[in-house]
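Note that ligands are numbered from 1 as they come in the structure, with each ligand's atoms numbered from 1 the same way. Along the sequence shown, the residues carry numbers beginning at 1.
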Amino acid sequence: VVVGIVMWRQPPQHQEWKGAGTTAHFYEIILGRCYTYTQIVRPELGHKDCQKIGKAFTDAFLSKDPCSSTEQDYQPLMELTNQTVPCDKTLLWSKTNELVHEYAWVQRELFTLENTLLGYMADGLRWCGDPGSPEMNYQSCPDRWKDCSNNSVSVFWNTVSKRFAEDACGVVRVLLNGSVHNTFDERSTFARVEVFNLHPEKVHTLQAWVMQDIRNISSDSCSHASIKNLKLILSKRNITFTCENNYRPIRFLQCVKYPDHSSCRSKI
Ligand code: NAD
């Protein structure tokens with residue numbers, strides 16, 4: 001009689017964090033997005049090695065403390081995903097996630113970070129590892145406010161946003177939200193990272209388009225205090241600042257969604 005010994009393997013015990021865990025099928029998603037981007041969206045990047053890129057991505061955070069992530073962790077990934085954005089085509093944003101990507105979808109030559117390979121791969125995903133396990137933590141990941149700011153996701157966005165701004169040249173545009181109290185939010189990635197990493201030798205102008213919610217149009221957003229603050233920061237950095245309220249081409253996109261609104265009814 002053979003007596004089988006059943007070994008119960010405990011599920012890996014990960015540390016518990018206050019934020020949601022790694023996105024299910026994270027690895028398959030980033031790999032699929034890498035192939036979609038390099039084969040279909042931008043076939044000129046067809047030579048990129050997605051297997052290598054996927055491995056460099058997970059190597060950056062697996063088996064590590066998700067609250068002590070560093071720019072260095074992401075360096076190999078950054079080196080494999082370098083990409084040139086033409087001058088005058090960089091589009092930054094803050095608090096306008098949906099609208100900016102609708103606009104970039106129409107104006108195909110413009111690049112938001114999410115229209116570059118690395119931004120495209122990571123957009124909307126969550127990930128973290130655990131020092132005591134070689135696996136991803138699908139149960140929980142650090143919340144950036146309640147647990148730690150140097151978490152694997154935040155350090156990633158800080159690192160890629162920094163490179164995106166450093167690489168920009170010519171006129172840089174930013175799409176801001178004029179319907180929130182902090183249109184230029186000092187805690188945002190745009191304010192903390194991107195503004196300070198534009199190179200004045202290459203970027204002569206930052207052009208802001210401040211869009212208001214079409215259902216709730218108020219006075220000129222460009223004269224608001226937070227925009228004055230942005231203007232001051234840029235003048236100290238020797239970058240010209242221009243600001244346009246409710247830029248017409250983007251207003252038309254808002255009108256697609258609310259065609260009956262009074263500000264959309266006038267003849268073009
Ligand atoms: P925002 O406040 O509208 O934030 C945009 C999104 O990014 C939100 O979902 C926010 O939760 C997340 N985010 C921002 N900073 C983060 C951080 N440190 N850690 C984790 N998530 C973070 O606008 P923002 O902060 O100015 O960021 C937008 C600008 O920065 C853009 O110009 C873009 O190039 C870059 N960026 C993009 C993403 C993204 O999720 N695609 C995230 C961060 C930064």
Problem set entry | Main-chain N/O of E166 paired to N197 side chain as donor or acceptor, under 3.5 Å | no
Exercise. Do F26 and Y138 have ring centres separated by under 6.0 Å?
Worked result: no
Seminar exercise, completed: Expected contact list for ligand 1 at under 4.0 angstrom, heavy-atom basis, is L92, W93, S94, K95, L113, E114, D123, R144, S154, W157, N158, S161, S188, T189, F190, R192, E194
Problem set entry | Any pair counted as side-chain hydrogen bond (donor to acceptor under 3.5 Å, both in side chains), so long as it reaches residues 168-182, sequence neighbours left out | R173-Q207, N182-D185
Problem set entry | For R215, all residues meeting salt bridge (Lys or Arg N to Asp or Glu O under 4.0 Å), sequence neighbours excluded | D213
Seminar exercise, completed: Here the disulfide bond (SG atoms under 2.5 Å apart) pairs for residues 211-252, sequence neighbours left out, are C222-C243
Exercise. Which heavy atom of N97 sits nearest a heavy atom of V100, and at what distance?
Worked result: O-CG1, 3.5 Å
